[in-house]
Number of protein chains: 2
Amino acid sequence: MTELNAVLEAATKDFDNSLERLFKLVRIPSISTDPAYAAECEKAANAIVDDLKGLGFKAQVRPTPGRPMVVAHYTPKEATKDTPHLLFYGHYDVQPADPLELWTTPPFEPTIKTDGKVKRMYGRGTSDDKGQFMTFVEAARAWIRTTGTLPIRATFLIEGEEESGSPSLVPFLKANAKELSCDAAFVCDTNMWDPKTPAITTRLRGMAREEVTITGPRIDLHSGMYGGPAMNPIRVLSKVIAALHDKTGKVTIPGFYDGVSDLPKQTKKQWQSLKFSEAKFLKDVGLKLPAGEKGKSVLEQIWARPTAEVNGIWGGYTGVGTKTVLPSKAHAKFTFRLVGRQNPEKVLKAFRSFVKGLVPKDCKVEFAGGNGSPATEIPEDNPFIAKSARALKDEFRRDTVLMGSGGSIPICRFFKDILGMDSILVGFALTDDAIHSPNEKYDLESYRRGIRSWVRIMGEFGK
Amino acid sequence: MTELNAVLEAATKDFDNSLERLFKLVRIPSISTDPAYAAECEKAANAIVDDLKGLGFKAQVRPTPGRPMVVAHYTPKEATKDTPHLLFYGHYDVQPADPLELWTTPPFEPTIKTDGKVKRMYGRGTSDDKGQFMTFVEAARAWIRTTGTLPIRATFLIEGEEESGSPSLVPFLKANAKELSCDAAFVCDTNMWDPKTPAITTRLRGMAREEVTITGPRIDLHSGMYGGPAMNPIRVLSKVIAALHDKTGKVTIPGFYDGVSDLPKQTKKQWQSLKFSEAKFLKDVGLKLPAGEKGKSVLEQIWARPTAEVNGIWGGYTGVGTKTVLPSKAHAKFTFRLVGRQNPEKVLKAFRSFVKGLVPKDCKVEFAGGNGSPATEIPEDNPFIAKSARALKDEFRRDTVLMGSGGSIPICRFFKDILGMDSILVGFALTDDAIHSPNEKYDLESYRRGIRSWVRIMGEFGK
């Protein structure tokens, strides 16, 4: 049997152990956005480094002002200057698990459930992104255990701040540009087209974020004594949010669409050929009516149109029962998904003046946490895409779909700008994985075929 | 020296002990709206009963489906059928203390501070309503300790659910109508006109309350994967709140103003003569512009116009940092202040259909906790008002102002409808007492002269 088949067989034989290694990681609540979990992030980083050292990687936990980076290198003894050097990127940090009461199994105690023929593992990070990056870790393990080496030069970069805007990433890439520059980067944080069809994502939306606080009265007031003459900041904030979109679903912030261009006819055609079911996509999450821009398909709304979204709002009394308070402050968290050449700084600037224009003279508005990253598109004629698409087709026996994604993986932009390499986005998640939601899951098939796919891709580039 | 002066002198001499007795009550966190504090409410009720028994009252803690009532009776030995029988009402329950971080002293550890010449006690309930109802308890104590009896028949009714809508009150009044029916009721839960000028409140706004929950997607979603096509319930809720008022500050709910009549010219004139400073009223709470209906004075907005207010809003991620979630649910708590003959049930019914009209087909809206009570007006020619106004004038050496209040004391309406007696609202709080807010306070002068005022009023009716 060929070397490749031997490695594939080894990976399949070792699958139960691959699962247990992933579960060990999922049990660590490495939430990056909440400082209370900083130690858990350290713990996760150390666990990954210990594992990679065991495989013969030069692996280190590298400190940053925030959560640490995991950096690991593997150079085959037989490597020549022609041996391709590939970077593999993932992130070990996860989203907060709240609202906890909606989880049917503990978020940090991975649990396997079988629904008909489909086996799924449930837990925060099973899909985003621990389960995903462990696919290339396990593929490397299979190669090294079977052949004693990797067919390529490999650098693993696994960060711990992806879910909180990667504040330390750019400085880290700049400070370590020489060490981290490879021929190309593989990012495992995206979806397949469907459970049977592999995909490479070539379009990603950017994101800008801002938190807004409106202050009305300087203290909370009695809504009887002051209700009427005293302005309620929740009313002001609601007017802002209500004014963000017009009747056609377009964002009303002046200049918001600067840098957004219409979809090329050819791409539009290609996406139509995917026969994406808008009705099913919405029905799966309990909705019927597309809420985005009228006249745009749902795929276009997600892959090629920007958004203005409220991710959270709070103000006044939110406890049990009634408190007749007229609150002093109201808060909301906003994120904007960006496409094309939209500039995050310009979008936030336009948003701030839009908000200020809606706040009454004697109310105060404060902005916090404003930052962002632009959208990115990987040219579809990139040579690494062709080889990867072929390897994926070999595994799944289906043509690989070149798709877009509504999510933001700013790292692709940074890899290009700082390290001069393209990113190939190959992932095995599914749209119903409920990432960022209660009961996040990852299909066992996603994990198994993900591992096998990376075995093939590494082999393909090692030829 | 007259008997009255002897009692007044005794009350003044005993003031330090009166303070300590009040502080003992303030130290009990008797929050009625949060079930977690049920035992503390029991504790407060028992403390009051023990104190009144010591004065010779027939006092009992009377159970209800919610927090217990305190009922106490005192009949002088010399009482004849002509001896007036007066009911004195207050409430021992308090508002929640949050946001705790804004208190400069512990909310349930009463603390006296001196600002220039003015001495104030700080703590939740010092003003609303423990400090207020203790004024008539201390007045009774002074009479009984000095003369061995009260000059009148007295019934004390001190409830424990005023801050949570008094759900058990109406059934309790109905079940005990004979026992609780008196010649008139004195309610001590209102303000003076200013620190030097006593007031009797003859107008009170009613209130209706409702909690609204909007559900969009059936689970929280990733704002990248679904942002655009998926409707965000915070957007829907914001549209509802933004649509509640028009540009002139009028509430837009169809039929909302049914039963609201314009202010009689004479009352309007009387209120103008009070020389109320709108600028100062707003400046005290950090505002400049009246937010109520255009063309109405601030006093009219508070005393004679209805409101639609949001007391709290929450939805999505409200923790530290960013979570790019598109939430499944958004919630808000609403209260409506009612005037004239506005009907609470009709107002809530109109509000519900107003909201339903703004919710997209595939979002769900739920309503909870809806209930309310109408506004009330006490005829100014009521004989008990004249006598009380005279007694107050004797104490403060100033004419007593007959005023309105923006707050809601539904009990007045129930006393009239169920027990057939008018309510005389005599209180000693001040607009800057910050009731329902952090750092609630009560001036020591309010407490001292409040006690002396009740000594005089009891004496006046005992003549």
Side-chain angles (χ1 to χ4, degrees), chain A residues 33-34 95-96 164-165 209 217-225 227-232 234-235 238-239 241-242 285-292 298 301-302 305 307 309-326 335 337 360-362 406-408 435-437, chain B residues 33-34 95-96 164-165 209 217-225 227-232 234-235 238-239 241-242 285-292 298 301-302 305 307 309-326 335 337 360-362 406-408 435-437:
Chain A
T33 197
D34 184 344
Q95 283 273 323
S164 49
R209 74 193 70 215
R218 63 176 176 77
I219 54 167
D220 287 359
L221 302 174
H222 186 300
S223 73
M225 298 308 166
M231 175 49 76
N232 185 328
I234 299 175
R235 260 170 71 182
S238 298
K239 277 189 194 301
I241 295 167
V285 296
L287 294 171
K288 287 190 214 73
L289 314 169
V298 165
Q301 286 175 13
I302 304 171
R305 301 300 296 178
T307 67
E309 210 60 77
V310 200
N311 304 110
I313 188 167
W314 69 104
Y317 182 67
T318 60
V320 178
T322 298
K323 185 180 178 190
T324 55
V325 65
L326 200 159
T335 53
R337 298 286 170 174
K361 275 195 195 56
D362 63 351
S408 306
I435 66 171
H436 294 211
S437 298
Chain B
T33 198
D34 184 344
Q95 283 273 322
S164 50
R209 74 193 72 214
R218 62 176 176 77
I219 54 167
D220 286 0
L221 302 175
H222 185 300
S223 73
M225 299 308 166
M231 176 49 76
N232 185 328
I234 299 174
R235 260 170 73 184
S238 298
K239 278 190 193 301
I241 296 167
V285 296
L287 295 170
K288 287 189 215 72
L289 315 169
V298 165
Q301 286 175 12
I302 305 172
R305 301 300 297 178
T307 67
E309 210 60 78
V310 200
N311 306 110
I313 188 167
W314 69 103
Y317 183 67
T318 60
V320 179
T322 298
K323 185 181 177 190
T324 54
V325 64
L326 200 160
T335 52
R337 298 287 170 174
K361 277 196 195 55
D362 63 350
S408 306
I435 67 171
H436 295 210
S437 298

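Here is how names work: the chains are called A, B, and so on, in the same order as the sequence lines, proteins then strands, and each is numbered from 1.
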Undergrad: If you measure from CG on A:Asp34 to CD on A:Gln95, what distance do you get to the nearest 0.5 Å?
TA: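 A:Asp34 atom CG to A:Gln95 atom CD measures 12.0 Å (nearest 0.5 Å).
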Undergrad: Among B:Ala230, B:Ser164, B:Pro360, which residue forms the greatest number of heavy-atom pairs with chain A at distances under 4.5 Å?
TA: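 Highest number of pairs under 4.5 Å: B:Ala230.
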Undergrad: Testing the basics here: between B:Thr33 and A:Thr322, what is the closest heavy-atom pair and its distance to 0.1 Å?
TA: OG1-N, 3.3 Å
Undergrad: Non-hydrogen atoms of chain A under 4.5 Å away: do they reach the side chain of B:Thr307, the backbone, both or neither?
TA: side chain
Undergrad: May I ask you to decide if B:Glu309's main-chain N or O and A:Asn232's side chain share a donor-acceptor pair within less than 3.5 Å?
TA: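 Absent.
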Undergrad: Relative to chain B, which of A:Arg218, A:Lys288, A:Arg305 shows the most heavy atom pairs under 4.5 Å?
TA: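 Of A:Arg218, A:Lys288, A:Arg305, A:Arg218 has the most heavy-atom pairs under 4.5 Å with chain B.
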Undergrad: Taking every non-hydrogen pair under 4.5 Å, which of A:Ala242, A:Gly319, A:Pro290, A:Gly316 racks up the most with chain B?
TA: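 The residue among A:Ala242, A:Gly319, A:Pro290, A:Gly316 with the greatest pair count is A:Ala242.
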Undergrad: If you count heavy-atom pairs within less than 4.5 Å of chain B, which of A:Ser223, A:Gly407, A:Gly406 leads?
TA: A:Ser223
Undergrad: Using a cut-off of under 4.5 Å for heavy-atom pairs, which of B:Gly286, B:Gly292, B:Gly315 has the most such pairs with chain A?
TA: B:Gly315
Undergrad: For chain B, find which of A:Asp220, A:Val285, A:Ile241, A:Val320 contributes the most heavy-atom pairs closer than 4.5 angstrom.
TA: A:Val285
Undergrad: Please classify the contact between B:Thr335 and chain A as side chain, backbone, both or neither, with a heavy-atom cut-off of under 4.5 Å.
TA: side chain
Undergrad: So which residue, B:Gly312, B:Gly165, B:Pro229, B:Gly227, ends up with the most heavy-atom pairs under 4.5 Å with chain A?
TA: B:Pro229
Undergrad: For chain B, which candidate among A:Thr324, A:Ile302, A:Val298, A:Ile435 shows the most heavy-atom pairs at distances under 4.5 Å?
TA: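 The option with the most such pairs is A:Thr324.
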Undergrad: Heavy-atom pairs under 4.5 Å with chain A: which of B:Met231, B:Lys361, B:His222, B:Lys239 has the most?
TA: B:His222
Undergrad: What residue in A:Leu289, A:Leu221, A:Ile219, A:Leu326 has the most heavy-atom pairs under 4.5 Å with chain B?
TA: A:Leu289
Undergrad: So, B:Asn311 side chain and A:Val325 main chain: donor-acceptor pair closer than 3.5 Å or not?
TA: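 Yes, because the side chain of B:Asn311 sits within donor-acceptor range (under 3.5 Å) of the backbone of A:Val325.
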Undergrad: Against chain A, label B:Arg209 side chain, backbone, both or neither, depending on which of its atoms sit under 4.5 Å from a heavy atom there.
TA: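 Contact with chain A: side chain only.
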